[in-house]
Protein chains: 2
Amino acid sequence: MRWSRSVVMVACLIGGGRTFLNQPVGRRRMPRVMFATQQGRASAAVKQQQEMGKVAQSEKLEVVPPRGTRDFYPEEMRVRTWLFGEWRAAAARHGFEEYDSPILESEALYTRKAGEEVTQQLYNFEDKGGRRVSLRPEMTPSLARMVMARRNGLPMPLKWFSIPQCWRFEKPSRGRRREHYQWNMDIWGVEGVTAEAELLAAVVGFFEAVGLTSEDVGIKVNSREVLAEVLRSVAGVDADEEPARFAATCVLVDKLDKLPPSALYDDFAQASGMSSDDVDALVDALDSSTFDDLPVGSRARRDLTELFDLADAYKIADWLVFDAKIVRGLAYYTGIVFEGFDRSGKLRAICGGGRYDQLLATFGGEALPAVGFGFGDAVVMELLEMKGLVPQTVDAVDVLAFPFAADDPDLSADLGRAAATVAATLRRHNLNVDLVLQGKKPKAAFKQADRRRAALVVMVAPEEWQNGDLVVKDMALGTQATVPLDDLADYVIRARADPPKG
Amino acid sequence: MRWSRSVVMVACLIGGGRTFLNQPVGRRRMPRVMFATQQGRASAAVKQQQEMGKVAQSEKLEVVPPRGTRDFYPEEMRVRTWLFGEWRAAAARHGFEEYDSPILESEALYTRKAGEEVTQQLYNFEDKGGRRVSLRPEMTPSLARMVMARRNGLPMPLKWFSIPQCWRFEKPSRGRRREHYQWNMDIWGVEGVTAEAELLAAVVGFFEAVGLTSEDVGIKVNSREVLAEVLRSVAGVDADEEPARFAATCVLVDKLDKLPPSALYDDFAQASGMSSDDVDALVDALDSSTFDDLPVGSRARRDLTELFDLADAYKIADWLVFDAKIVRGLAYYTGIVFEGFDRSGKLRAICGGGRYDQLLATFGGEALPAVGFGFGDAVVMELLEMKGLVPQTVDAVDVLAFPFAADDPDLSADLGRAAATVAATLRRHNLNVDLVLQGKKPKAAFKQADRRRAALVVMVAPEEWQNGDLVVKDMALGTQATVPLDDLADYVIRARADPPKG
C-alpha cells in the first residue's frame, strides 16, 4: 500500500500515443510532482491498457468530473444529505408527497419560444435512436406530463414534492454550474391563493428550521396581472388576447433585474413591439408601483390582499414584500409569482415560483390550476455558509471492532475471524459497526475510531478472546471493561442508550 | 375543476399542422375517448400555443416518459424510498460512508475493448461543446476517478457506498429498462479477502433485513484465477502475460451462462484464439470443477478457503456456493467474483461484484487494491414482490386541519385563515399536517384524512372557533374532543406519543 504518496497521476492518451500529466485536482490543492514510471504490480495492467489501447483519440482521461459538475466525497455528501433531509422534513410537515421522473426527457417537453434562459440553455442532444432528448432543465414540465397521464386517477388537490437534479448547458462561472439539485413543491387543483400561501409557509418553514430569520431572507411577491395592467396602459399589450406576446414580455421584464433597460430595447421591440419610450415608461411604472395602486376590484388586488392576509394567519408576514418588478423568468406563470432573496443583496435569487394554470393547456390538455416553486441547492448553501449555519455533519458509528494483532500479517485467521463474529453479532442487533480489516497497530486503529466517531472500541485481544471475552473501551469516558461475547450486544446497547454526560 | 373526466388528450403538432390524438397512457389502462375541443379557460393558452407553434416537427408530445424509463408517482416513490432506506441502513450497519458523482461522465472513462455489454450499450453522445460524454452505465469508473483525484488525501481503507442511477442504450424488454438504480458498495486499500467477506456480509445483512432467507437467495463465489488455471491448461492462455486477452475471455465465459458454447465459438476464436474444441474443454472443466480441484498453494485456493472460513465467522456460510462458472461480465475484475441469485432460478442475477485491483493502473495511476459490488433495484424488487415482502408503505400525516365551511366559497377568509393558523402552530411543533385548501364537505375532508392516514382531524368549526376552540377527532378511536388553540399542540403530541391500542 502506498497511498500516502503525495502525487496524483493522470494518464493521458492523446492521438494514440501515451503521455502522462500531473495536475492539481479536486478542491484541495495538491503538489505538482514529476511523473515516475509505475513498476511492479501495475505492469500487467499497463500491458492490458496498451493492448486495449486507444482510450479516445483526442480526449484526456481526466480525474476531475465533467465541466460544470461536482463530485460528492463523503464530507460533501453528508452536507447534501443534511440539506435534502431538511427539505424533506419541511415537505412532510406541510403534508407533501414525494415523486420523481426520469432525468432525461423528450426535448419537445421544453420547446417554448418565449426566450427563456431555461430553454435557451437546454442540455439537449440526439440519442442513438435519432430522438431529440434533453437532460431536464427544470421539473415542472415533467410534473405536468405525469399529472396529464393520470389525470382521471389522481385525487385532487395534489401536494407533491421532488428533489431533482436539473441541468443546463452554458459556460460555467463561479457558483453557476451545469447541474444543480432543486427542491420542487407544487399544488395542483386549487384555484385560490390558499395554495400560494401554503407553499410560502413551507418555504419559510424550511428557512426557520435551518436557522435563517426574516432579517436574513425575504420573499418578494407579485402577480403577473400587475404587469399586465401596466403593459396595457403604457404599451397597449393585452395579456389575455396575446398570451404568447405577454409571456415573452414577462421573460424580458425579468431580465431588467440584471440589465439596464437600454440593453433590452431591441428585444422588447422584437418580442412586444414596444418602443424604447414604452420600455422606459414600463420600468418607471413598475418601480413606483405600490400595492395601493392596484385597481380596486382587480383580480391582482384581490389575490394579493388575500395572500398577505393568509400570511398573517400563518405568521410569515415578516418574510414577505410586495414588489411589482418581480415577474420570474419562466413563460408559463399566469398569476402570483414570488422570489426568495438574501436581504444583504449579495446573492442571486434563492428560490422562485408562481401560478401556472395554463401549462396543461399548452400541452394540449385541459387546463388545471397549479402553483409551485423551485429552490436550488447552490445559493442557499452559499447563504448558510455566510451565516455559519451549515452544521458539522458526521456519520458516527456505534462501534469499531478491532482485532488486536498488529504483528500478525495473516489477519483473516484467528483474531480476524473473531472480530468478524463480533461485528456480525452487533450488526444483527442493528448497531452500526466499522471493522478493522487489516493488521493495524492500536494507534492506527484508534485513529480510525476517532475519524469514524466510534462511541466504543471493541478489541479482540488474544488472551481475553481465549476465554471468549472482549475488551470494550468507551471513547468518551476513556474507561475499559471486559465483556463476554454473549453479553456484548446488550452491553453496547445499554452504553449507547445512556451515553456519558459531558 | 374537471379532473374527474376520464380522458387524456395529447396535443400533437405535426408538420406545423395541429391534430389531436387520444391514447392510453401510463401504467393504468385508460379508456380511448374521441377528442372534444377544449373551450373556455383554455382558449388563451391554446392561442399561446398556436402562436408559439412548432413543438418539434416530427415528435408527439408524449405523456409517457421516454422509452425504457420510469416515472415515480408517490405510491412508487414510497417503495423506492423504502428500498433505498434499507440499502442505506445496511451500509450504515457495516460502517460505509455515502458518496456520489455526476450522472454524466466523459465517455473515455468507459472506453474498454473487452466486448462487455456495459460498454457496448453506452448511452453516449456528443455534447454541444463537442465533447464525447455518456450517462454513466456503472459507478465503479467514477469511483476510481474520485479515488485517483484525492489519492493522497483519503484515509485508507475506504468503505464507501452510493445509490446511483445508471443508464444503458438498448432495446427495452420486460424488466430491462434503460435506467436503473444500483446500490454500490466498495472497499479500497485492503489486499486480503477480509474485504470481500465484509461486502458479502453487507449483502446478506440487507437480505436478512428485508426478510429474505438463504433458502430464497444464494451467492455464487469464485475467483477469476480458477478460470485462469483452466484456461492455461486447456488453451495455453496465460492471464498474467496477456491480461487483455484474459479479460476478453472472461467476458465471453460470462456469456456461456445464457448462450450455448457453439454460439460463441467465433467470438472465442477471435478474442482468445481458442478452437471450438478448446471452448468445449473449457466448459467441461468449469462444469466439473470443484473446490478441491484447485491446486494446493494457489492463490485462488488460499483466497477461497479464507473467504469461506470468514463466512463461517460472519455466520453467512449458508448463503454461499462455490461455482467455477461464475466470472461476471466486467473486464476489470482480477480475483474473487461473486453473484447473488434467486434459488428458484426464475430471475436474472440479483447483484454481482468482485475484486478489481488493477483498475487505477488502467487509468494510468498506481494500482490500489479494491473490491466492490453493484446491486440493481429491478431484480430484487421482482423477487420481493414474488415473496410478498414489499411492505405497504404510507406517508402518514399526524393531522389533517379542516375548515368546516363547505358552504363558504370564500375559504381564504375567516375559517380558512384560522385553519392556516392551526396548521402553522402544529407544524412549528414539528408535526406533519395536511391542510384542506378549498371549500370541502366533511365527507370529502374525511376521505382526504383517510387517504393521507391522518391520525387526527382538527376541525375549525364556526361556533367553537368563536371561543378559540378546535374540534379534534381521533381517527382510530372515533372519539372527539374540544381543545383550545393554546393547548392544541400539546394535545396532539400527547395523542401521537400514546396511540390507541388495537
Side chains of [X] and [Y]: closer than 4.5 Å at any heavy-atom pair?
{"X": "A/Lys159", "Y": "B/Asp434", "answer": "yes"}
{"X": "B/Phe96", "Y": "A/Asp395", "answer": "no"}
{"X": "A/Ser106", "Y": "B/Glu62", "answer": "no"}
{"X": "A/Leu154", "Y": "B/Tyr73", "answer": "yes"}
{"X": "B/Glu208", "Y": "A/Arg428", "answer": "yes"}

B/Arg67 meets the side-chain hydrogen bond (donor to acceptor under 3.5 Å, both in side chains) criterion, sequence neighbours left out, with none
- Under the side-chain hydrogen bond (donor to acceptor under 3.5 Å, both in side chains) test, residues paired with A/Asn124 that sit two or more places apart: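 Counting only residues at least two positions away or on another chain, A/Asn124 forms a side-chain hydrogen bond (donor to acceptor under 3.5 Å, both in side chains) with A/Glu107, B/Lys128.
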Would you compute the distance between atom [atom1] of [X] and atom [atom2] of [Y] and round it to the nearest 0.5 angstrom?
{"X": "A/Phe72", "Y": "B/Tyr99", "atom1": "CZ", "atom2": "OH", "answer": "13.5 Å"}
{"X": "B/Ile103", "Y": "A/Thr69", "atom1": "CD1", "atom2": "OG1", "answer": "11.5 Å"}
{"X": "B/Thr194", "Y": "A/Gln438", "atom1": "OG1", "atom2": "CD", "answer": "6.5 Å"}
{"X": "B/Arg178", "Y": "A/Asp127", "atom1": "CZ", "atom2": "CG", "answer": "6.5 Å"}

>> For B/Tyr123 and A/Phe125, take the angle between the two ring planes, folded into 0 to 90°, and tell me which bin it lands in: parallel under 30, tilted 30 to 60, perpendicular over 60.
In response: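 B/Tyr123 vs A/Phe125 ring planes: perpendicular.
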Counting heavy-atom pairs under 4.5 angstrom with chain A, the leader among B/Leu307, B/Val397, B/Leu435, B/Thr425 is B/Leu435
One option among A/Ala201, A/Ala89, A/Ser101, A/Pro102 has the most heavy-atom pairs under 4.5 Å with chain B, and it is A/Pro102
Interface check, chain B: of A/Ala420, A/Ser162, A/Ala424, most non-hydrogen pairs under 4.5 Å belong to A/Ala420
Under a 4.0 Å N-O cut-off, is there an ion pair linking [X] with [Y]?
{"X": "A/Arg417", "Y": "B/Glu306", "value": "no"}
{"X": "A/Asp71", "Y": "B/Arg145", "value": "yes"}
{"X": "A/Glu98", "Y": "B/Arg80", "value": "no"}

Nearest heavy atoms of B/Tyr314 and A/Arg427, plus distance in Å:
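What the structure gives for the nearest pair is CE2-NH1, 3.9 Å.
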Examine whether an atom of B/Trp188 lies under 4.5 Å from a heavy atom of chain A, and if so say whether it belongs to the side chain, the backbone or both; otherwise answer neither.
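For B/Trp188, neither part sits under 4.5 Å from chain A.
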Between B/Asp100 and the options A/Arg70, A/Met77, A/Glu76, the side-chain contact (heavy atoms from CB on, under 4.5 Å) test singles out A/Met77
